[in-house]
Amino acid sequence: SGQLTLAGTTGLDVAAIVAATCAEVARGTIDIPRVSVTPIGAVETGFNAFVLDTSAWHYQPLTEELYLKHLRTNQVELVTLSTTGIKESRLENYVVACLIDFDDVSYDAHADLLYDLAGQAVTHFRGYLSEEDTERVLRAYQRPIAVNIHAQMQEPGHYWEKVDDYHVEIRAGFTPLRSGAYSTTAGEPIVDFRIAPTDRTKIQQILYGGFAKCLHRTQRFQANNERQLAVIPTGG
């Protein structure tokens, strides 16, 4: 079959353009190595005491009253919702109970710090809420409050790690090309990629070869359009 020509390439020195493009890409590409750092020996972690940033906390207590109006009689009834959850004897416990759910937080190792941070949260809410409303806020929003505190515990200076030593491994930034692995029927010949398949629905089963400018000696195509694109000459 005759070779196809890519529209718009007539009269162009495609080989020179491709060579210049490849040279420019190679010149502007930096081989950044992959550095893997693995701790060796015992690893100890912990948190330092710090002042909480509560400037964005403006929680308000949720109402525990619900008004019901009967459509038939227009009678209005006030229902007091029962508060769910366990009532803590100490307000800080609402926050601490959620903080210890994080995998990197140990109650035994960090109890003093946890109660210090929870105490700062309680003091903040007491600054603009009554004692009753402070408890209602802590009961309703204990999870997002704990998530925010835990995020601040991860900030630089608030978190520390002690490791005996590190193993550093430096690998090449580029991954070398490897030959593709294809399965085929024993004795089945490799077909020249310029030859169109008689049954295009089975093109994925055909192993093609005969390439002059391909990274691999053999290839498979997912569709005949891919094979046709490979047939288009690039010059040179």
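- The CD atom of E92 lies 10.0 Å from the CG atom of D116; values are rounded to the nearest 0.5 Å.
- Residues passing the side chain to side chain contact (heavy atoms under 4.5 Å, CB included) test with V51 are Q120, sequence neighbours excluded.
- Counting only heavy atoms from C-beta outward, the side chains of L91 and E131 approach each other to under 4.5 Å.
- Proximity of L207 to V191: side-chain heavy atoms (C-beta onward) are nowhere separated by under 4.5 Å.
- Qualifying side-chain hydrogen bond (donor to acceptor under 3.5 Å, both in side chains) partners for Q154, counting only residues two or more places apart in sequence or in other chains: D104, H150.
- The local environment of CD1 in I40 is crowded, with over 12 non-hydrogen atoms from other residues, nucleotides or ligands closer than 6.0 Å.
- The shortest distance between side-chain heavy atoms of V96 and C98 does not fall below 4.5 Å.
- Going from atom CG of L113 over to atom CE of M153 covers 5.5 Å, rounded to the nearest 0.5 Å.
- Shown here is R126, whose CZ atom has more than 12 heavy atoms of other residues, nucleotides or ligands within 6.0 Å.
- D165 CG to T38 OG1: the interatomic distance, rounded to the nearest 0.5 Å, is 11.5 Å.
- A 4.5 Å side-chain heavy-atom check between L114 and F47 finds every atom pair outside the cut-off.
- Taking the side chain to side chain contact (heavy atoms under 4.5 Å, CB included) definition, one finds that R200 meets it with P197, N224, sequence neighbours left out.
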Sequence neighbours excluded and cut-off under 3.5 Å, please list the side-chain donor-acceptor pairs for residues 157-164, or say none.
from	atom 1	to	atom 2	distance (Å)
H158	ND1	Q152	O	2.6
E161	OE2	Y166	OH	3.2
D164	OD2	A42	N	3.2

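- Side-chain contact between F102 and V147 is present, with at least one heavy-atom pair separated by less than 4.5 Å.
- At a threshold of 4.5 Å between non-hydrogen side-chain atoms, the residues R143 and D101 count as touching.
- Judged by distance alone, with hydrogens and angles left aside, the side-chain atoms of D53 form a donor-acceptor pair with the main-chain N or O of S55 at under 3.5 Å.
- For T123, the side chain to side chain contact (heavy atoms under 4.5 Å, CB included) test picks out no residue, with sequence neighbours left out.
- One distance of note links CZ of F193 with CG of L229; it measures 11.0 Å at 0.5 Å rounding.
- If you take CG on N48 and CD on E155, they are separated by 12.5 Å, rounding to the nearest 0.5 Å.
- For Y128, the OH atom counts as densely surrounded, since its 6.0 Å shell holds more than 12 non-hydrogen atoms of other residues, nucleotides or ligands.
- Between R227 and I206, every side-chain heavy-atom pair lies at or beyond the 4.5 Å cut-off.
- Looking at R220, its side chain does come within 3.5 Å of a backbone N or O of Q205 through a donor-acceptor pair.
- With 3.5 Å as the limit, one finds no donor-acceptor pair spanning the side chains of S106 and D108.
- Using bins of under 30°, 30° to 60° and over 60° for the plane-to-plane angle, the ring pair Y107/Y115 lands in the perpendicular bin.
- Closest heavy-atom contact between C214 and Q219: SG-NE2, 3.6 Å.
- Proximity of V95 to L117: side-chain heavy atoms (C-beta onward) are nowhere separated by under 4.5 Å.
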Fill in: From CA spacing to verdict: salt bridge (charged side-chain N to carboxylate O under 4.0 Å, His left out), R34, E169
CA-CA 8 Å; R34 301 176 183 176; E169 182 179 1; over 6 Å; no
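- The pair E88-R90 does not meet the salt-bridge criterion, since no charged nitrogen lies less than 4.0 angstrom from a carboxylate oxygen.
- For Q204, the side chain to side chain contact (heavy atoms under 4.5 Å, CB included) partners two or more places apart in sequence, or in a different chain, are Q222.
- The number of heavy atoms from other shown groups lying within 6.0 Å of CG (D192) is above 12.
- When each of F125, Y94, Y59, W57 is paired with Y141, the ring pair (Phe, Tyr, Trp, His ring centres under 6.0 Å) condition holds for Y59 and for no other.
- Here the closest heavy-atom approach between residue I149 and residue A121 is recorded as CD1-CB, 4.5 Å.
- Note that CZ of R136 is 8.0 Å distant from OG of S130, once rounded to the nearest 0.5 Å.
- In plain terms, the two heavy atoms of G209 and I190 that are nearest each other are N-CG2, 3.3 Å.
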